[in-house]
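Note that this is a predicted model, so its numbers are computed, not measured. Within every chain, numbering begins at 1; the chains are lettered A, B, ... in the order of the sequence lines, protein sequences first and strands thereafter.
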Amino acid sequence: MEMEPLYKPQGVEERWQRTWEEAGDFHPDPASAGPTYVIAVPPPNVTGVLHMGHALNASMQDVLVRRHRMRGFNTLWQPGYDHAGIATQAVVEKQLRAEGTSRLEIGREAFLERVWAWLHEYGGVIMGQFRRIGASLDYERERFTMDDGYVRAVMRFFVHLYERGWIYRDNRIVNWCSDCRTSISDLEVEHLDVDDALTYARYPLADGSGSLTIATVRPATILADVAVAVHPDDDRYAGLVGKDLVVPVVERTVPVIADERVERDFGTGALKITPGHDPLDFEIGRDHGLPELTVLGFDGLIEGDVPAELAGLTEDEAAERVVEWLREHGQLEKRESYRHAVGHCERSGTRIQPLVSLQWWCRMDELARPAIEALESERVRFHPPVHGRVALDWLRAIRPWNLSRQLWWGHQLPIWYCPDGHVTCAESEPVACGECGSEQLERDPDVLDTWFSSALWPFATLGWPEETPELRAFYPGDVNVTGRGIIFLWECRMLMAGLELMGTIPFHDVVINSNVLDGVGRTMSKSLGNGVDPLDLIHAHGADATRYGLLKMSSTQDVRFTTGPIEEGRKLANKLWNASRLLLAGGGVEVEARPSSLEERWILARIDATRAELEADLDGYDFAHAVDRLYHLTFDDFCDWYLEAIKPRLGEPDVRATAFAALERLLKLLHPVLPHVTEEIWSHLPARESRLILAPWPEPMPHDAADAEALATAQTAARIYRRSGVRIKVPGESERIFEAVVRPSPDGQGDVEAERGRVHREIERAERMLANEKFVANAAPDVVEAERRKLADYRAELDALGG
RNA sequence: GGGCGCAUAGCUCAGCGGGAGAGCGCUCGCUUCACACGCGAGAGGUCCCUGGUUCGAUCCCAGGUGCGCCCACCA
């Protein structure tokens with residue numbers, strides 16, 4: 001095949017992607033012997049498309065996976081999709097609305113059929129996009145959190161927890177999203193600052209002896225007040241505790257109670273208690289045995305025991321009426337503007353409506369304990385470590401998990417009720433009630449939180465609860481790579497589920513990838529329209545360049561996106577391509593390291609040193625430094641020095657054989673980052689039978705420090721020559737390299753004076769330091785020694801410059 | 001309200017106790033027979049501010065300013 005001077009990734013990349021996959025290179029055999037290396041991809045939403053976060057996350061994982069595959073590990077990168085309960089249901093509901101109907105109108109069964117139909121037509125496109133970026137996932141093993149086997153795993157998990165006694169049903173306050181029409185967990189609530197009005201309302205004492213003023217941001221909830229609480233030590237209200245007040249509008253008589261959870265210095269220090277619609281009030285209400293009244297329904301509209309003219313209003317409308325009532329009755333003391341944080345549904349952006357409802361919960365303390373221990377003992381490590389400490393804090397203060405969602409799309413709870421209200425929990429539909437034997441069973445309509453199934457991902461994808469060969473071979477896995485946003489939602493729960501069900505941690509390292517922000521530091525989002533489509537980058541620069549660029553940008557910090565690093569990657573691929581063209585142009589049949597000259601011994605040593613550094617980078621999940629190292633190895637060491645030095649001798653068979661050997665090692669190191677261009681070049685190397693993807697990772701080689709020093713001499717001489725035009729005499733082989741690398745410029749001399757000045761300044765600096773007695777006395781001996789050597793080197797340079 | 005992190009060249013970022021770095025951009029010179037997605041040379045920086053520790057601070061400590069993130073039941 002002809003090698004053009006300009007490397008064009010388009011076509012080449014797709015061809016290798018097909019070749020690798022069709023050859024089964026991504027598909028490990030569970031029966032193979034030897035150590036395994038396993039990563040389960042964070043399952044993208046089945047409705048999703050590839051965005052920058054996926055592209056970065058996948059690039060990182062693919063580097064780890066490809067390197068371990070080359071090192072001989074039986075490597076599995078497990079792919080699949082998440083059913084993404086709320087998100088998917090919302091998409092289809094929106095579609096129904098556009099058709100003038102609704103899920104309630106068409107019914108549960110028809111709705112679920114619609115979801116499946118929609119998924120078959122439009123869902124599941126992201127695996128194709130993963131292929132395009134070169135992700136070496138085992139696509140033959142694609143799993144879905146709603147496939148039959150996975151559903152069995154979810155049911156088994158639930159029943160297991162139920163039998164442990166950790167799952168219970170309770171009427172408690174939940175985060176209700178009136179838009180999604182479901183409860184959501186604390187972790188799905190986003191706190192946003194909101195401008196509100198703080199309304200001060202007077203509640204008259206029932207005995208007519210005066211009134212007490214409370215402050216509220218939600219006047220509509222006055223309708224559900226069941227008490228007013230003050231701090232027990234608050235002198236202002238000491239005499240009022242135990243007396244009765246009359247709630248405005250509804251004119252209900254309620255007690256004044258004392259509770260330490262009331263903040264004395266907020267508002268008036270008197271807190272109206274609305275257990276039905278406020279989490280703190282709920283707790284206080286339970287402790288004081290107060291009733292839990294509800295005036296806001298699941299639809300966010302006023303309902304319940306309220307004046308008829310208020311029923312059916314929105315909360316805001318009702319609030320207006322209540323304030324109006326207060327004003328008319330002289331009970332409105334004042335209203336002032338007030339900015340504070342309010343919980344919003346992360347998915348819909350709707351303001352959370354705390355309300356009491358009957359939900360299924362899971363106690364988490366016993367599940368958390370082994371996970372806490374795994375983190376404390378560092379059997380599981382986070383990278384960077386700060387996230388592990390945050391995860392620990394969360395686990396130590398863990399709260400019950402609201403498992404049930406009032407949705408249709410998802411895993412329906414394996415809970416059945418008989419007419420007498422007995423509960424039967426079973427993996428599949430029971431024939432009769434476990435308590436009374438009734439055969440009239442009705443299944444709980446709710447579904448499980450999406451993250452309940454995600455918790456099982458590292459082993460449910462391998463066939464659990466069946467004892468499959470895959471489960472035996474590939475569990476536990478090694479690493480999980482994901483974003484910061486789902487450490488509690490996903491990472492912590494995988495740890496807990498893995499320890500509980502499998503008895504072991506699902507992976508030993510958790511790598512948290514950075515967020516890719518837009519050019520001015522904002523999160524990329526659909527609504528802002530500031531997102532960059534990774535597929536556009538791949539089309540423009542190639543998958544290799546995109547991978548390189550994203551890895552270069554990755555860091556422990558969030559990073560602002562620029563195309564610079566991706567263009568750098570494209571140049572690296574092109575440079576490598578042209579270096580290979582230079583070597584391949586002359587033909588040749590041998591690939592064998594037979595170094596005879598200094599530069600040959602040096603480049604082999606240099607590549608090997610980089611191999612060791614690269615391994616250290618990757619072992620620490622430092623991808624940015626890893627790719628930077630590869631860039632400079634390729635450009636500076638391999639091309640600028642080695643190739644330039646051997647160019648005059650490229651006709652010699654031994655020189656060619658060694659050059660091919662050096663290129664082969666370079667390609668191997670680059671392959672995990674730039675899989676396509678390296679595989680393409682590899683296929684042009686002499687006597688290639690296997691593919692680079694399966695080639696063994698380079699073994700360590702002995703180094704000779706003297707070679708590096710001799711090469712450095714040539715490099716210094718060349719630098720001085722280029723800058724000043726002064727030729728420094730260098731010994732033996734260094735002299736030949738100098739000759740090969742320096743091409744005298746036709747314009748003649750550089751600036752000797754400028755170079756002399758530069759060296760002069762360095763000498764002065766070193767002399768000043770060494771003249772400082774305190775420095776010589778207090779600094780570490782090796783630091784002083786290094787400074788002396790520098791001084792000597794600079795003096796030699798100055799001498800060479802004639803000055 | 002609590003916790004964490006970041007401020008270094010025009011831009012995006014490395015470095016984190018002893019000579020201020022990379023890539024891009026910019027200037028100048030090169031159609032040198034692998035590559036103009038290239039080669040060579042160069043300009044450009046009170047390393048946010050104020051104190052402190054140290055022989056020595058971009059790097060450590062304290063405070064300040066600005067930005068960001070996470071957690072959170074002060075209505």
Side-chain angles (χ1 to χ4, degrees), chain A residues 3-7 173 186-187 189 191 196 198-199 214-218 221 229 261-274 278-284 338 340-341 343 354 384 386-387 389-390 393-394 397 484-485 487-488 515 517 519 521-523 541 545 549 552-553 555-565 567-585 624-625 628 631-632 639-640 643-644 647 650 722-723 742-743 745-747 750-751 754 761-762 765-766 769 772-780 783-784 786-787 790 794:
Chain A
M3 290 179 81
E4 302 282 336
L6 183 63
Y7 172 64
I173 199 137
D186 295 341
L187 293 172
V189 174
H191 292 86
D196 261 332
L198 194 56
T199 301
I214 58 90
T216 180
V217 289
R218 301 180 61 199
T221 63
R261 284 162 286 192
V262 178
E263 300 289 336
R264 272 175 284 184
D265 46 10
F266 185 89
T268 62
L271 172 63
K272 74 184 200 66
I273 300 297
T274 319
D278 182 273
L280 175 62
D281 296 7
F282 178 82
E283 297 299 329
I284 293 176
Y338 179 54
H340 65 146
V386 62
H387 294 116
R389 292 193 290 273
V390 175
D393 289 344
W394 183 77
R484 216 171 30 215
I487 290 174
F488 308 144
N515 293 333
L517 308 174
R522 299 172 304 179
T523 304
H541 308 286
K552 183 75 185 281
M553 275 179 252
S555 141
T556 58
Q557 296 299 318
D558 289 349
V559 69
R560 295 177 182 204
F561 179 83
T562 47
T563 49
E567 281 158 15
E568 187 180 314
R570 193 185 57 191
K571 288 180 181 182
L572 176 59
N574 192 57
K575 187 73 173 176
L576 189 67
W577 177 254
N578 278 291
S580 306
R581 283 179 64 229
L582 172 68
L583 295 179
L584 290 162
H625 285 98
D628 187 63
Y631 179 90
H632 289 291
C639 293
D640 287 359
L643 287 185
E644 292 301 333
K647 240 181 207 174
L650 266 179
R722 281 170 181 158
R723 282 183 177 162
V742 169
R743 302 190 201 95
S745 80
D747 301 345
D751 190 340
R761 284 192 290 280
E762 293 296 346
R765 186 195 54 77
M769 239 162 129
N772 180 346
E773 283 171 33
K774 286 178 176 173
F775 169 69
V776 179
N778 296 328
V783 173
V784 178
E787 210 53 47
K790 275 188 248 171
Y794 290 133

Subject >> Selected nucleotide, minimal atom distance to A/Ser555 side chain, candidates B/A14, B/A75, B/C71 >> reply: B/A14
**OP:** Between B/A36 and B/G29, how far apart are the C1' atoms? Round to whole Å, please.
**Re:** 14 Å
Original post:
Looking across every strand, which nucleic acid part, if any, lies under 4.0 Å from A/Val783 by heavy atom: base, sugar-phosphate, or nothing?
Top reply: base
Subject >> Between C1' of B/A75 and CZ of A/Arg218, the distance in whole Å >> reply: 10 Å
Original post:
On a whole-Å scale, what distance lies between the C1' atoms belonging to B/G42 and B/A9?
Top reply: 14 Å
Subject >> Rounded distance in Å between the P positions of B/A20 and B/U53 >> reply: 24 Å
Original post:
Taking OP1 and OP2 of B/C24, is either one under 4.0 Å from a side-chain nitrogen or oxygen of A/Lys571?
Top reply: yes
**OP:** Using Watson-Crick or G-U wobble geometry with both distances below 3.5 Å, tell me the partner of B/A75, or none.
**Re:** none
Subject >> Separation between NZ of A/Lys272 and CG of A/Asp281, rounded to the nearest 0.5 Å >> reply: 7.0 Å
**OP:** Would you mind reading off the distance between A/Glu568 atom CD and B/G38 atom P, rounded to a whole angstrom?
**Re:** 11 Å
**OP:** Could you check which nucleotide pairs with B/G18 in any of the strands shown, counting Watson-Crick or G-U wobble with both distances under 3.5 Å?
**Re:** B/C55
**OP:** Rounded to whole angstrom, note down the P distance from B/G40 over to B/U32.
**Re:** 14 Å
Subject >> Sub-4.5 Å side-chain heavy-atom contact between A/Thr221 and A/Asp278 >> reply: no
Subject >> 5' precedence on RNA chain B between A/Gly564 and A/Leu582 (nearest-nucleotide basis) >> reply: A/Gly564
Original post:
Whole-Å distance between B/C55 P and A/Asn772 CG?
Top reply: 10 Å
Original post:
What nucleic acid atoms does A/Glu762 come within less than 4.0 Å of, heavy atoms only: base, sugar-phosphate, or nothing?
Top reply: base
Original post:
Touch check for A/Asn778, heavy atoms < 4.0 angstrom, all strands: base, sugar-phosphate only, or nothing?
Top reply: base
Subject >> Complementary nucleotide for B/A62 - Watson-Crick or wobble, under 3.5 Å >> reply: B/U50
Original post:
Does any nucleotide pair with B/G23 by Watson-Crick or G-U wobble geometry, both distances under 3.5 Å, and what is it?
Top reply: B/C11
**OP:** Check every atom of B/A75, B/C35, B/C55 against the side chain of A/Pro5 and return the nucleotide holding the closest atom.
**Re:** B/C35
**OP:** Using a heavy-atom cut-off of under 4.0 Å over every strand shown, decide if A/Leu6 touches base, sugar-phosphate, or nothing.
**Re:** base
Subject >> Nucleotide nearest A/Arg560 (side chain, heavy atoms from C-beta), chosen from B/G15, B/C35, B/U12 >> reply: B/U12
Original post:
Quick one: does A/Arg261's side chain have a donor or acceptor within less than 3.5 Å of a partner on A/Leu280's backbone?
Top reply: no
**OP:** Return the 5'-most residue of the pair A/Lys552, A/Leu583 with respect to RNA chain B, ranking by each residue's nearest nucleotide.
**Re:** A/Lys552
Original post:
Within this structure, what is the CG-to-C1' distance between A/Asn578 and B/G38, rounded to whole angstrom?
Top reply: 9 Å
Original post:
Is there a donor-acceptor pair under 3.5 Å between the side chain of A/Asn578 and the backbone N or O of A/Pro5?
Top reply: yes
**OP:** For the pair A/Leu517 and A/Val559, evaluate side-chain contact (heavy atoms from CB on, under 4.5 Å) and give the outcome as yes or no after the intermediate values.
**Re:** CA-CA 6 Å; A/Leu517 308 174; A/Val559 69; over 6 Å; no
Subject >> B/G68 - base-pair partner by Watson-Crick or wobble geometry, distances under 3.5 Å >> reply: B/C4
Original post:
Over how many whole Å does the gap from A/Leu517 atom CG to B/C13 atom C1' extend?
Top reply: 13 Å
Subject >> Integer-rounded Å distance: B/A14 P and A/Gln557 CD >> reply: 7 Å
**OP:** Could you please name the option among B/G15, B/C69, B/C73 that lies closest to any side-chain atom of A/Arg484?
**Re:** B/C69
Original post:
On a whole-Å scale, what distance lies between the C1' atoms belonging to B/G3 and B/A75?
Top reply: 24 Å
Subject >> Closest nucleotide among B/C70, B/C35, B/A75 to the A/Asn574 side chain >> reply: B/C35
**OP:** Once you apply the 3.5 Å cut-off to both distances, tell me the Watson-Crick or G-U wobble partner of B/G38, or none.
**Re:** B/C30
Original post:
Taking atom C1' in both B/G51 and B/C13, what distance in whole Å separates the two?
Top reply: 29 Å
Original post:
Do A/Glu568 and A/Lys571 meet the salt-bridge criterion of a basic N to acidic O distance under 4.0 Å?
Top reply: no
**OP:** Examine B/C74: is either OP1 or OP2 under 4.0 Å from a nitrogen or oxygen in the side chain of A/His340? Give yes or no.
**Re:** no
Original post:
Contact class for A/Arg581 vs. all strands (heavy atom < 4.0 Å): base, sugar-phosphate, or nothing?
Top reply: sugar-phosphate
**OP:** Name the nucleic acid region contacted by A/Phe282, choosing base, sugar-phosphate or nothing; use a 4.0 angstrom heavy-atom cut-off, strictly under.
**Re:** nothing
Subject >> Sugar-phosphate, base or nothing in reach of A/Ala780, heavy atoms under 4.0 Å >> reply: base
Original post:
Base, sugar-phosphate, or nothing: which does A/Lys790 touch, judged by heavy atoms less than 4.0 Å apart?
Top reply: base
Original post:
Is A/Val559 touching bases, backbone alone, or none of the nucleic acid, heavy atoms closer than 4.0 Å?
Top reply: sugar-phosphate
Subject >> Candidates B/A34, B/C73, B/A75 - which lies nearest the side chain of A/Pro279 >> reply: B/C73
Original post:
At what distance, to the nearest 0.5 angstrom, does CZ of A/Arg218 lie from CG of A/Leu198?
Top reply: 13.5 Å
Original post:
From the list B/A75, B/C4, B/A22, which nucleotide is the closest neighbour of the side chain of A/His632?
Top reply: B/A22
Original post:
Atom NE2 of A/His191 and atom C1' of B/A75: how far apart are they, to the nearest Å?
Top reply: 14 Å
Original post:
In terms of the angle between their ring planes, are A/Trp394 and A/Phe488 parallel, tilted or perpendicular, with boundaries placed at 30° and 60°?
Top reply: parallel
Original post:
Using 4.0 Å as the upper bound for N to carboxylate O, is an ion pair formed by A/Glu644 and A/Lys647?
Top reply: yes
Original post:
Considering only B/C24, B/G18, B/A34, which nucleotide approaches the side chain of A/Phe775 most closely?
Top reply: B/G18
Original post:
Taking atom types as they are modelled, is there a donor-acceptor pair under 3.5 Å from the base of B/A34 to the side chain of A/Glu4?
Top reply: no
Original post:
OP1, OP2 of B/A75 versus side-chain N and O of A/Tyr338: anything below 4.0 Å?
Top reply: yes
Original post:
For the pair made of OH in A/Tyr631 and P in B/A14, what is the distance, rounded to whole Å?
Top reply: 18 Å
**OP:** Determine the Euclidean distance between corresponding P atoms of B/C59 and B/C37; express it in Å to zero decimal places.
**Re:** 41 Å
**OP:** Taking A/Asn574 for its side chain and A/Tyr7 for its backbone only, find out whether a donor-acceptor pair lies under 3.5 Å.
**Re:** yes
Subject >> Whole-Å C1' distance, B/G23 and B/G17 >> reply: 27 Å
Original post:
Considering only B/C55, B/A22, B/C35, which nucleotide approaches the side chain of A/Ala779 most closely?
Top reply: B/C55
Original post:
The side chain of A/His625 lies closest to which of these nucleotides: B/G15, B/C35, B/A75?
Top reply: B/G15
